[in-house]
Amino acid sequence: GQAHQGRPIQRRLLERRVEGLAFSTSIPAPSFAEVYALRLQNRETVVLGFKFRSDWRNEAENLITAIAGSLRECNVNQP
């Protein structure tokens, strides 16, 4: 399917505001998505995306908020 043009969005991830992109698509079913590129302390980047059906928007928002709040960056030098 083809996504409609996205719009800028912000979400708190890894204890800071991160710029992302929100967009919608109608194929195979009406849905919304959010995509973020998270810059880590070691300067690497992790891409995080969420996609959900439009009729699950409230449930998805609650789930995304819970996941975003639980993210922690770990120190790779610690066991």
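We use all heavy atoms of the structure for the numbers below, so side chains are in, but hydrogens, waters and symmetry mates are not. One-based numbering along the sequence shown.
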query: Where do I67 and L48 land on the side chain to side chain contact (heavy atoms under 4.5 Å, CB included) test, with the steps shown first?
result: CA-CA 11 Å; I67 292 169; L48 180 63; 5.5 Å; no

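- Of all heavy-atom pairs spanning K51 and S31, the tightest one is CE-OG, 3.1 Å.
- Counting heavy atoms from C-beta on, the side chains of L63 and F50 never come closer than 4.5 Å.
- Judged as a salt bridge (charged side-chain N to carboxylate O under 4.0 Å, His left out), and not counting sequence neighbours, E73 has no contacts.
- In this structure, the separation between CG on L40 and OG1 on T45 is 7.0 Å, given to the nearest 0.5 Å.
- Of all non-hydrogen atoms in I9 and A22, the two that sit nearest each other are CG2-N, 3.8 Å.
- In this structure, Y36 OH and L14 CG are separated by 12.5 Å, a value rounded to the nearest 0.5 Å.
- Interatomic distance, CD of Q10 versus CD of E34, reported as 12.0 Å (0.5 Å rounding).
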task: Give the C-alpha distance, both sets of side-chain angles, the deciding distance and a yes or no for side chain to side chain contact (heavy atoms under 4.5 Å, CB included) between T65 and R11.
output: CA-CA 9 Å; T65 298; R11 191 173 285 278; 3.6 Å; yes

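- Atoms CD and CZ, on Q41 and R39 in that order, are 12.0 Å from each other to the nearest 0.5 Å.
- Residues F23 and G6 share a closest heavy-atom pair of CB-CA, 3.8 Å.
- In the hydrophobic clustering of this structure, L13 groups with F52; members are Ile, Leu, Val, Met, Phe, Trp, Tyr whose side-chain heavy atoms approach within less than 4.5 Å, directly or through other members.
- Hydrophobic clustering, with ILVMFWY side chains joined whenever heavy atoms are under 4.5 angstrom apart, keeps V46 apart from V35.
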